[in-house]
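These notes are about the structure you will find just below.
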Amino acid sequence: MDRESKVEKSVFGGLSGDSISEILSRTSPLDASRFAIISKAFKSASDLDTVWEKFVPMEILSRSVSPPVLYHGTKKELFFSLCESPILIDGGKLSFFLDKKSGKKCFTVGARELIISWEDHPDYWIWTSHPDSRFSEVAQLKMVCWLDIRGKIKTDMLSQKTNYKAYLIFKFATAIYGLESMYSVVRLVNHEADSEAEERATLVHPHRGHPMYRHPMPRQPGRLPVRRDDGWMEIEMGDFYNELGDDGEVEARLMEIWRLHGKAGLIVEGIEFRPSTSLNRRNDAIRRTT
């Protein structure tokens, strides 16, 4: 018996394979992968379906548009597939994926499920397909003065005891104007009124400084967009803390309803809700007020 095996036996000799797999299933996906280098016993257990099935929400996979594709291979392979490749669920209304480090649930609410002012008026918005979108349709802004976009999701669908952030996923059309600055806010619908949330809305700059912008204004502090690996852009809308998933709906809102100049050229794919590991729960996250 080599030295490594002797050490492993002395430290882990009292643990059965079932015990080790139970230990790993109570950690996170990242920790389960790290424990695999501790010993051969942990390495063997770390690949078991009994470990990784705890990280794969089968109840959500059952709502997939094409579930049979997902059940090939091991649960570990399935987990990492869900981290790398989002799936459409609920008839294509939502997109779902997992956070690789934490295993927490992430959702994108497609444009058709958003509440968009004037969305059914063809002079203001058009619905079209987009080659870069996983959804069948995206919303393209032709022209409005009053811009108001809301996306909602039930907190019981999200991971508990988790800080979340909401992001607008978007692109721009060829002709763009009036999109330099607007406001965003996230609220728990059952615990905060629209008017209260509007008072603390944060300034965001989806498209600052474009030469076609017709209403120049002094530069102001605010959130800026980030380009994503999938070719879209995203801008943070706000954050919240999901305690036990019993707070009803959470709503993320993008708006410019005060400065009523013309706005055009925004292409909206959806609003994404995903965990934030850097969020300070006490100081930055929305808390229950009742």
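Under the side-chain contact (heavy atoms from CB on, under 4.5 Å) criterion, E199 pairs with no residue at all, not counting sequence neighbours. Every residue was checked against the salt bridge (Lys or Arg N to Asp or Glu O under 4.0 Å) condition with E196, not counting sequence neighbours, and none meets it. For K161, the side-chain hydrogen bond (donor to acceptor under 3.5 Å, both in side chains) partners at least two apart in sequence or on another chain are E243. For Y167, there are no ring pair (Phe, Tyr, Trp, His ring centres under 6.0 Å) partners two or more places apart in sequence or in a different chain. Take S136 and apply the side-chain contact (heavy atoms from CB on, under 4.5 Å) test, not counting sequence neighbours, and it matches no residue. For S117, the side-chain contact (heavy atoms from CB on, under 4.5 Å) partners two or more places apart in sequence, or in a different chain, are W146, D148. Shown here are the side-chain contact (heavy atoms from CB on, under 4.5 Å) partners of A201, two or more places apart in sequence or in another chain: Y183, V185, M255. Partners of T108 by side-chain hydrogen bond (donor to acceptor under 3.5 Å, both in side chains), not counting sequence neighbours, listed by chain and number: E272. Looking at residues two or more places apart in sequence or on another chain, you find a side-chain hydrogen bond (donor to acceptor under 3.5 Å, both in side chains) between E256 and R259.
Closest approach of H205 and S181 over heavy atoms only: ND1-OG, 2.7 Å.
Each of N242, D99, T162 was scored for a side chain to side chain donor-acceptor pair (under 3.5 Å) with K104, with one residue passing: T162.
Among residues at least two apart or in separate chains, salt bridge (Lys or Arg N to Asp or Glu O under 4.0 Å) pairs with a member in residues 106-122 are R112-E137. For residues 81-121, the pairs satisfying ring-ring contact (aromatic ring centres under 6.0 Å, His included) are F96-F107, W118-Y124, H121-Y124, with sequence neighbours left out.
You'll find the side chain of P122 stays beyond 4.5 Å of the side chain of W127, heavy atoms only. Using a 4.5 Å heavy-atom threshold, the side chains of L61 and V56 count as touching. I169 has its side chain out of reach of V268: every pair of non-hydrogen atoms, C-beta onward, lies at least 4.5 Å apart. Considering only heavy atoms from C-beta on, K152 stays 4.5 Å or farther from V109 through its side chain. Side-chain contact between T50 and K75 is absent, with no heavy atoms from C-beta onward closer than 4.5 Å. The closest side-chain heavy-atom distance from V204 to M237 is not below 4.5 Å. Taking 4.5 Å as the limit, every side-chain heavy atom of L158 sits out of range of all side-chain heavy atoms of C106.
For the pair R200 and E192, the salt-bridge criterion is met [side-chain N within less than 4.0 Å of a carboxylate O]. Checked for salt-bridge contact, R274 and E234 meet the test: a charged N lies under 4.0 Å from a carboxylate O. Ion pair K154/D246 not flagged as a salt bridge, since none of the NZ, NE, NH1 or NH2 atoms sits closer than 4.0 Å to an Asp/Glu carboxylate oxygen. Between R63 and D90 there is a salt bridge, since at least one side-chain N of the basic residue sits less than 4.0 Å from a carboxylate O of the acidic one.
One hydrophobic cluster, built from ILVMFWY side chains closer than 4.5 Å, cannot hold both I115 and L188; they sit in different ones.
Ring geometry, F172 versus H207: the interplanar angle exceeds 60°, so the pair is classed perpendicular (tilted spans 30 to 60°).
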May I have the step-by-step check of side chain to side chain contact (heavy atoms under 4.5 Å, CB included) for L78 and E53, ending in yes or no?
-> CA-CA 9 Å; L78 177 56; E53 67 184 7; over 6 Å; no
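If you chain together ILVMFWY residues whose side-chain heavy atoms come under 4.5 Å of each other, I126 ends up in a group of its own.
Here the CD1-CG distance, from I116 to L147, works out to 9.0 Å after rounding to the nearest 0.5 Å. Separation of atoms CD1 (I235) and OG (S184) is listed at 7.0 Å; rounding is to 0.5 Å.
In the model, Q140 has no side-chain atom that pairs as donor or acceptor with a side-chain atom of T128 under 3.5 Å.
Heavy atoms from other residues, nucleotides or ligands lying under 6.0 Å from NZ of K100 number 12 at most.
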